[in-house]
Structures are given as structure tokens and as C-alpha cells.
K.L.:
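Sending over a structure as C-alpha cells; questions will come in a sec.
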Amino acid sequence: MNTIKIPQNFYITPSQFAKLVTANDQVRLELTAGGELVVMPPTGGEAGNFNFLLYKDLLLWNERSQLGVGFDASTIFALPNGAMRSPDFAWAQRQRWEALNQQ
């Protein structure tokens with residue numbers, strides 16, 4: 001088993017974070033707005049099942065409404081504050097998503 005030890009108050013840049021994520025693709029990593037590296041542990045059975053049910057509900061609703069685009073937990077988002085986060089799942093209004101892709 002591979003582990004990553006992170007010194008207290010260890011900060012990295014978004015560019016360094018991108019390289020670290022590429023080199024450790026089996027580990028779910030996030031970056032806070034302040035440059036702190038966060039290792040996200042896997043969820044347990046109860047949380048995993050709850051997320052699965054939410055995915056299903058969001059998928060069914062979005063297929064009917066066609067209002068947006070959904071993303072799973074492996075998607076990382078670069079936020080305006082500099083953070084790089086990967087939520088359990090995410091949804092974006094289609095119009096906002098298409099505007100982002102055009103930039």
C-alpha cells in the first residue's frame with residue numbers, strides 16, 4: 001500500500017498540484033484555496049450507498065429535464081479562489097457549463 005505523508009503547514013502551487021495528481025493517480029487529492037494539500041479517504045459503506053442513491057436521483061432528474069451536466073467524484077474543479085476540489089458529485093446548469101467550455 002502506498003501512502004503519502006504530508007508535513008504540517010505544507011503548501012503547494014496549482015502547477016505543483018497538477019504534477020502531484022498525475023504522479024499519484026490512485027489517490028484522491030484536493031487543494032485548498034490556501035494551498036494546503038488534502039488527501040481524501042474513501043467513503044464507508046453507508047456514505048457510499050447514500051451517494052449512489054443521490055447519483056441515481058440526479059441522473060434520472062437530469063435525463064428528464066436536460067437542464068444541465070452532471071459529474072462524478074473523479075472530476076476535479078478549479079475554483080475561482082484557487083482551490084482544486086473534487087466533490088462527491090456535482091451538477092452545473094447547461095448554459096453555465098457551455099459558457100465555461102467556450103473560455
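Numbers here simply count residues along the sequence, with the first being 1.
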K.L.:
For the side chain of Asn24 and the backbone of Leu20, is there at least one donor-acceptor N/O pair under 3.5 Å apart?
P.N.:
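It does hold such a pair.
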K.L.:
I'd like to check the side chain to side chain contact (heavy atoms under 4.5 Å, CB included) partners of Asp88; sequence neighbours left out, ordered by chain and number.
P.N.:
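By the side chain to side chain contact (heavy atoms under 4.5 Å, CB included) rule, Asp88 matches Arg28, Asn51.
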K.L.:
Test of understanding: with side chain to side chain donor-acceptor pair (under 3.5 Å), list the residues that count as partners of Thr43, not counting sequence neighbours.
P.N.:
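Thr43: no side chain to side chain donor-acceptor pair (under 3.5 Å) contacts found.
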K.L.:
Can you tell me how far apart CD1 (Ile76) and CG (Leu31) are? Round to the nearest 0.5 Å.
P.N.:
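Atom-to-atom, Ile76:CD1 and Leu31:CG are 8.0 Å apart.
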K.L.:
List in chain and number order the residues that pass ring-ring contact (aromatic ring centres under 6.0 Å, His included) with Phe71, two or more places apart in sequence or in another chain; answer none if no residue qualifies.
P.N.:
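With sequence neighbours excluded, Phe71 shows a ring-ring contact (aromatic ring centres under 6.0 Å, His included) to Phe77, Trp97, given in chain and number order.
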K.L.:
Check for me, please, whether Leu79 and Leu100 land in the same ILVMFWY cluster - side-chain distances under 4.5 Å, paths through other members count.
P.N.:
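In one cluster with Leu79: Leu100, yes.
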K.L.:
Under the salt bridge (charged side-chain N to carboxylate O under 4.0 Å, His left out) rule, collect the residues that match up with Asp72, sequence neighbours excluded.
P.N.:
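Scan of Asp72 (salt bridge (charged side-chain N to carboxylate O under 4.0 Å, His left out), adjacent residues dropped) gives none.
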K.L.:
Could you list the residues that satisfy side chain to side chain contact (heavy atoms under 4.5 Å, CB included) with Tyr11, not counting sequence neighbours?
P.N.:
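Here the qualifying residues are Asn9, Glu36.
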K.L.:
For Gly68 and Asn62, work out which heavy atoms get closest and say how close.
P.N.:
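Taking every non-hydrogen atom into account, O-ND2, 2.9 Å.
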K.L.:
Once side chain to side chain contact (heavy atoms under 4.5 Å, CB included) is applied, do any residues pair with Ala78, and if so which ones, sequence neighbours excluded?
P.N.:
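Side chain to side chain contact (heavy atoms under 4.5 Å, CB included) check on Ala78 returns Met84.
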K.L.:
Could you list all the salt bridge (charged side-chain N to carboxylate O under 4.0 Å, His left out) pairs where at least one residue sits in residues 75-86, not counting sequence neighbours?
P.N.:
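For residues 75-86: Glu30-Arg85.
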K.L.:
Taking only residues two or more places apart in sequence or in another chain, which ones pass side chain to side chain contact (heavy atoms under 4.5 Å, CB included) with Asp57?
P.N.:
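Asp57: no side chain to side chain contact (heavy atoms under 4.5 Å, CB included) contacts found.
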K.L.:
Does Gln95 CD have over 12 foreign heavy atoms under 6.0 Å away?
P.N.:
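No, the 6.0 Å shell around CD holds no more than 12 heavy atoms from other groups.
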K.L.:
Any chance you could pull the hydrophobic cluster mates of Trp91, using side-chain heavy atoms under 4.5 angstrom and chaining through other members?
P.N.:
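Other cluster members: Phe50, Leu54, Tyr55, Leu58, Trp61, Leu67, Phe89.
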K.L.:
Can you list the residues that meet the salt bridge (charged side-chain N to carboxylate O under 4.0 Å, His left out) rule with Arg94, with sequence neighbours excluded?
P.N.:
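By the salt bridge (charged side-chain N to carboxylate O under 4.0 Å, His left out) rule, Arg94 matches no residue at all.
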K.L.:
If only atom types and distance count, is the side chain of Ser86 paired as donor or acceptor with the main-chain N or O of Ala73 below 3.5 Å?
P.N.:
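Yes, the answer is positive, given that a donor and an acceptor are paired below the 3.5 Å cut-off.
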K.L.:
Report the residues that fulfil side chain to side chain donor-acceptor pair (under 3.5 Å) with Gln93, sequence neighbours left out, ordered by chain and then residue number.
P.N.:
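Once residues adjacent in sequence are excluded, Gln93 has no partner under the side chain to side chain donor-acceptor pair (under 3.5 Å) criterion.
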K.L.:
Step by step, work out the side chain to side chain contact (heavy atoms under 4.5 Å, CB included) result for Leu59 and Lys56.
P.N.:
CA-CA 5 Å; Leu59 171 70; Lys56 173 193 61 92; 5.7 Å; no
K.L.:
Which pair of non-hydrogen atoms, one from Ala83 and one from Ala33, has the smallest distance, and what is that distance?
P.N.:
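Reported closest heavy-atom pair: CB-N, 3.6 Å.
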